[in-house]
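Let me begin by presenting the structure, written as structure tokens, before commenting on it.
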Amino acid sequence: MKKIEAIIKPFKLEQVKDALQEIGIKGMTTTEVKGFGRQKGHTEIYRGSEYTVDFVPKTKIELVVGDEQIEAAVDAIVKAAKTGKIGDGKVFVSHVEEAIRIRTDERGDQAV
Amino acid sequence: MKKIEAIIKPFKLEQVKDALQEIGIKGMTTTEVKGFGRQKGHTEIYRGSEYTVDFVPKTKIELVVGDEQIEAAVDAIVKAAKTGKIGDGKVFVSHVEEAIRIRTDERGDQAV
Amino acid sequence: MKKIEAIIKPFKLEQVKDALQEIGIKGMTTTEVKGFGRQKGHTEIYRGSEYTVDFVPKTKIELVVGDEQIEAAVDAIVKAAKTGKIGDGKVFVSHVEEAIRIRTDERGDQAV
Amino acid sequence: MNTPTYISRHCLLIALLLALFVLPDPGLLSAAEATPAERTADLEAYLNNAARSANTAVNVAGPGHNAWMMTSSALVLFMTLPGLALFYGGLVRRKNVLSVVAQCMGLACIVPIIWWAIGYSLCFAKGNAFLGGLDHVFLRGVDITPNGDYSTWVSHNIWAMYQLMFAIITPALIVGAIAERMKFAAVMLFCVLWLFVVYFPAAHMIWGAGGWMNGIWNADAPIKSIDFAGGIVVHMTSGWSALVLCILLGKRLGHGKEPMPPHSMVLCAIGTGMLWVGWYGFNAGSAVAADGIAANAFVATTLSAAAGGATWASMEYWLRGKPSILGLCSGAVAGLATITPASGFVTANSAILIGLLAGASTFLACSKLKQWLRYDDSLDTFGVHAVGGTLGTLMAGFCADAKINPNLSTNLGAYLGKTLWLEQVKAALIVLVWSVVATVVIFYLVRAVLGTNRVDPETERAGLDLAEHGEEGYNE
Amino acid sequence: MNTPTYISRHCLLIALLLALFVLPDPGLLSAAEATPAERTADLEAYLNNAARSANTAVNVAGPGHNAWMMTSSALVLFMTLPGLALFYGGLVRRKNVLSVVAQCMGLACIVPIIWWAIGYSLCFAKGNAFLGGLDHVFLRGVDITPNGDYSTWVSHNIWAMYQLMFAIITPALIVGAIAERMKFAAVMLFCVLWLFVVYFPAAHMIWGAGGWMNGIWNADAPIKSIDFAGGIVVHMTSGWSALVLCILLGKRLGHGKEPMPPHSMVLCAIGTGMLWVGWYGFNAGSAVAADGIAANAFVATTLSAAAGGATWASMEYWLRGKPSILGLCSGAVAGLATITPASGFVTANSAILIGLLAGASTFLACSKLKQWLRYDDSLDTFGVHAVGGTLGTLMAGFCADAKINPNLSTNLGAYLGKTLWLEQVKAALIVLVWSVVATVVIFYLVRAVLGTNRVDPETERAGLDLAEHGEEGYNE
Amino acid sequence: MNTPTYISRHCLLIALLLALFVLPDPGLLSAAEATPAERTADLEAYLNNAARSANTAVNVAGPGHNAWMMTSSALVLFMTLPGLALFYGGLVRRKNVLSVVAQCMGLACIVPIIWWAIGYSLCFAKGNAFLGGLDHVFLRGVDITPNGDYSTWVSHNIWAMYQLMFAIITPALIVGAIAERMKFAAVMLFCVLWLFVVYFPAAHMIWGAGGWMNGIWNADAPIKSIDFAGGIVVHMTSGWSALVLCILLGKRLGHGKEPMPPHSMVLCAIGTGMLWVGWYGFNAGSAVAADGIAANAFVATTLSAAAGGATWASMEYWLRGKPSILGLCSGAVAGLATITPASGFVTANSAILIGLLAGASTFLACSKLKQWLRYDDSLDTFGVHAVGGTLGTLMAGFCADAKINPNLSTNLGAYLGKTLWLEQVKAALIVLVWSVVATVVIFYLVRAVLGTNRVDPETERAGLDLAEHGEEGYNE
Ligand SMILES: Nc1ncnc2c1ncn2[C@@H]1O[C@H](COP(=O)(O)OP(=O)(O)O)[C@@H](O)[C@H]1O
Ligand SMILES: Nc1ncnc2c1ncn2[C@@H]1O[C@H](COP(=O)(O)OP(=O)(O)O)[C@@H](O)[C@H]1O
Ligand SMILES: Nc1ncnc2c1ncn2[C@@H]1O[C@H](COP(=O)(O)OP(=O)(O)O)[C@@H](O)[C@H]1O
């Protein structure tokens, strides 16, 4: 099994989710995160004081998939999340040794 | 060392934490996340507009443990988090290469 | 490529970010998390009721770096995040198999 | 026009002819027409908030008094909406905040309709000693002319609206005890029945002209209780009913095991400020005039609120080293609830004393008694309102002072400073017992109708907002 | 001093010498000096909110009426700030909350300056039938003496301030329709022009002495419409303009595809409570006195708000099984908007009926009509205010009752209970058409000046707060 | 009854017998009994807010005036709670929000007790030129009868409550400067001492009958300053003390390095709206009557607030391209603070000018001066209140106009339009110096008692809410 972690622009979440559902992905987990990268942040001014905010709101999607689905899933994400503008985000893939479904104690590919 | 990532129902956090403490786990990190899976979301209606919210609030627990504790920890989590109803969540296990305790620079098993 | 996950004290974020930028790190992702560990939580009292809050606010930094940068990055984080007091946090390192930049479809070390 | 006619009648004896040129024909002046002296006296009556003469040329309400009572009515509504909604809403968990707001708003929307249809009449129309009659159903006959039974210079319909605001907030207080677990439909049904069975009779008996326990105005009242702005009628009825209701309903899931901290002490504090400000309408408004009694009530309200807040926070500081915001808020509200029945009757010094006792007793009730008896009064309606209201009712009996409120001399001269407190105990006990019994009956009645009074456990876990109202308190 | 001089004049025939010691020289008493009877009558006029005599010794405003009108002015400002800012601010997405607040506050800061310079004069100075003159530019001549055209016992400048608060909230209502996408500069410019083209003429025609459609006070008005507190002047003008504006501006990005739930129903509910409370200043204040008409308006306002909220929530309960907080809030606001033109004219029973119709019709407008016509009125300014205001204007025609407001008999006796509704239809149609046409013109004018009325898509995605104001609503 | 007796006395010469039937025995009429003319004149005095005759039959307060002053008192409390608590609370970081709320509420609970015990007496009892006496300790003798020194038609105890609300908000303003780092106990102790050393004397000297700098009412005042609603007494004392205090206390950890953005501009904006609304009680209430002076103050307050907000936002727009919500809020509050001392003295045109200068000068003070001098006035108490209060005090000297406030002619005729501004400078300087010196002394005194005035660095990092109050502002 592999774990895909994708950092995307928040307003792309719905589209990415739909794209993953289409290729048969049944589950995923998302987190609100803040990203730092090439995309510039913004400046806020309160009375005299200027603050530069370097971190940009992003959404992280995590999903564990069987090895055979990995390519399709990555492609789906990349395609759906792309705007072509700086800050579109990244996809990282890593290895997962075991997965357990808490409800049923199923393990491995059945669990995801 | 292994990293355990568990996605559980938020109200089970206290019980899972207690179960892990009992088997001697000293540390863990939790995140509020939103999950998508078999468990259905809900519908919200504001004046005329209906919104389907597919994502369900979940809590993610991350902990890095020595190889010898891995089975006990997974079992403790699964047992404490189970309600038997859909949406109980998953446990994922993966390999961690190094751990450092920032305060002391300790590395490896001593660090977790 | 390696993934570094560091759990640090929230007010150290700016310093850690600066330290990483200095050694040429171009991107990272942060999450607000709650940690459980040796550092004690606190007690809140509302009218008669006392609540012990075991979880302490922490910030998680995730960054994927090329293998050659790993040592420098870990050192930078540890140095910048250290206060010497309990609760300074951990750094975990694990292996990442693939990285893709969504905007450009670049893969591997170019993507991070 | 009205000229000083009787003087001129004497002059007529001497200068009849001349007078005829400039004076109206005295023969046209009926005995019922107001003399200049009467006219001036009527105007003075407006300033003094006293009864006007029978022949008055100003049968309307007085602008200063009407202005104050419209302001007061708005202030009392402000206490419920958004005041109480925030005070309570901030104290529940995030997932239940809207359910509390909905209960307050639901009552604000339903009670006026009941009040218009029949509620006002059952409280304040002439009836028997226990309940008003049906003279004023659909606000029939409730117009802009003052109703002399309740005020001399305030429009009858303003009085009806002012009292409506009390009928809204009283059941809304109960909401605090059963927050985070009772079905919306059950809360609404319970409160509606409760108004008929508990509130309307209590209001009539204690405040209605001819009421059974109206010691101030009913010379024949068997029980001579006093209740300036609702220690018995508002805080005791709701507070004691709340206790019973939360026991019958059972504890929240996880109560005593899981932490249930307020999701926003900020909202709670905003609500407290609004309650305090609105309470001036509640207490000083209960003079039903912008007169000296209102002024005295204003003073007592301020001092008791402050003393209550300071006392609670000081006890926390002393016992735990940390004064809390919730302590300041709770103490201030306790001071306000406790002074309510006494506000227009007592001196500034008494108000400080009452505030002090209020802070101390409600602090103990909420932090010790509740722990010890282990009921789950979610937001301490009992601990603050029942304890405060009961204490204040008793203290009003001890501290009432005819120098502050001359009306105390009318029918209560023989009791004042003597056994008035005993009358207070009697009235308090009767209302307490009645509230408790009625709550039990209504609870089972509602359960019979709706099947259950509680949301199912899954809903309770997930929060009432989504399941009961299809909305969330906060979104991205 | 003023003594009862004419009586003594008779006595002088007999006791001239004696009288000279104690009475002022009658020769010094000009004919213009008030007699005792007149003086008493003037004081009675204060209580009755009637006109004083020409010779009055009290040419000032009356304290009770002035007090109420200052309170009412503050309440109407409270409706905008923070009331409407919260009601609207809670309903947008988190990233746009400040933009809505800024639009409300911006208007509260700009409109008073325009009002002082010329706005008040264009509305309420003597002018022609369509617009006021320039007599009162820079509030010249607007001092503490009552302006008899608009009130007998309220200071002219208090009246000007009271009306200012209406001129602030009316354009602020429009903000709801175009929220989350219109540029701040465009909103401000649009609203300023709109005040001159739509609001000032409408206010003058319907409320101004000599106004073309002022049925109550202008005996010669060609159209005899009535509008107690602004059904046409406030809710119809803003509501219909809002519809046109949001159509011209286009939908929000993602409208109908992405969820756009309110970011904080809690803020929205707080705002609703404040609107309700403040609305007493709006409606009861429109009597421009703390008199019986104010009292009647207070009653109607309360009952309609409650009936509106109860109806909307009941319809949701019936159609979907869940009464929502937004439903309670929307219904109450709809009840308030709808009763506005009728509030000081109708009985309590009519108010209940109007509230009921208000809740039902705005519910259908917001949840059915909007879906069907597919315009993007972000926060339903049209669905609530235009629909409510139009309905209320019509209902005022049907239900107006001279028992509630005797002024209806002055010039409208022949229409009352007969064809008054037709006059209402005429006035409503004229203002509706004018608002629609003017909005189109102003929209393109503003676009010509600023280049665009909308923020660019990137800003809209990221939220207006950051790009337009450099701030975020919430931070760590 | 009181008939026109002296007229009849003449008639008695002729018709004694007849008169005896209908008139009261003239022998029984003491010289002190009011004549009809006097009685009418007394009633007119109520409308005119003038002094009544010595023989008055209405020795009570007047309902219209009392109503307005109760409303005003409630409004001024509303400014602190929840107004200021939100305005300040929204501007701090999330972890400190409750500490600010606690400081506001703590003062609201402690100050009334001090006021009751001795504070009112030190301010307003007869005493020497610098401090009041002890006649009114424990509010002795402060009852419902008007105290002629301060008002003719408002109850003495309402006046005392009204002034109490000022004594609450003034130290609460200081809280803004030292937010996020000062210990709760230190804030409370500092403020209590500060009231005795700075506020009570300042209030007595400027507002107290016989006060050393009371130019309006004390003909013998060596310094003839005017301060309608507290430019010197409230805003200068608190603002200048705040500056010194925040310098002595030192900067917040991380100041200038870490970002410290407001955690909720939404709360800040709500608070601003409440401050504006409440300020009508503050300024128009300072007429201590619902009279024409109140009306004038109402106008000035509105226009200055709007001009202040518009100016600040325009300067931002001009210098940075983005008008901010905080700019609108700050400017409006600056306009309000600056008009305060002038509000009941100046014309509408002057109010616009003052608001304009207020917006510009406080904008510069907060965004340039502060950066340049590098003190850490967390929420700009100095930049807004001291700068605004000082400017307004001066402007009052220039713009005061006897047409707006006839009382200016009583003792100040020789100064008006001439050297009044010099008197203002004198008074301002004396109070400024006194505030600065006193603050230094009290600061070290408090530090000596408590060991330290600041929380320890760890607490400051983690937020004051948890460590000082054991609570968090927001929870799940
Ligand atoms: N090395 C990295 N490790 C982890 N997250 C990263 C890394 N680089 C970028 N990110 C995440 O991806 C987001 C987008 O990256 P950025 O450099 O702004 O644009 P782009 O993806 O177009 O190159 C960042 O905001 C951050 O959350
Ligand atoms: N493949 C997956 N990868 C990551 N997280 C998953 C995956 N599948 C499910 N989850 C997480 O587990 C949660 C529960 O899954 P769900 O399918 O609803 O029920 P169950 O665990 O009973 O099968 C989801 O809400 C989601 O957060
Ligand atoms: N085994 C673990 N796995 C994951 N996170 C951990 C683990 N142990 C500690 N942490 C994280 O590190 C934080 C600091 O740990 P703690 O034991 O309090 O202090 P220290 O880092 O000084 O040993 C914790 O709050 C938690 O978030």
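Note on naming: letters A, B, ... go to the chains in the order of the sequence lines (proteins, then strands), and numbering restarts at 1 for each one. Every value quoted in this text rests on a predicted model; they were computed, and no experiment measured them.
Summarising the local packing, CD of E:E458 is surrounded by 12 or fewer heavy atoms from other residues, nucleotides or ligands at distances under 6.0 Å. Surrounding CZ of B:R38 are more than 12 heavy atoms belonging to other residues, nucleotides or ligands, all under 6.0 Å away. The number of heavy-atom neighbours closer than 6.0 Å to OH of E:Y317, taken from other residues, nucleotides and ligands shown, is 12 or below. Other residues, nucleotides and ligands contribute only 12 or fewer heavy atoms inside 6.0 Å of the CD atom of B:E32.
Separation of atoms CG (E:L326) and OG (B:S49) is listed at 9.5 Å; rounding is to 0.5 Å. Between atom OG1 of residue B:T43 and atom NZ of residue E:K322 there is a gap of 7.5 Å, rounded to the nearest 0.5 Å.
Looking at E:E316, neither its backbone nor its side chain comes within 4.5 Å of chain B, counting heavy atoms on both sides. Neither the backbone nor the side chain of E:L369 comes within less than 4.5 Å of any heavy atom in chain B.
Contact between E:W312 and B:R47 at its shortest, heavy atoms only, is CZ2-CG, 4.0 Å.
Side-chain contact between E:M260 and B:Y46: absent, with no pair of heavy atoms (C-beta onward) separated by less than 4.5 Å.
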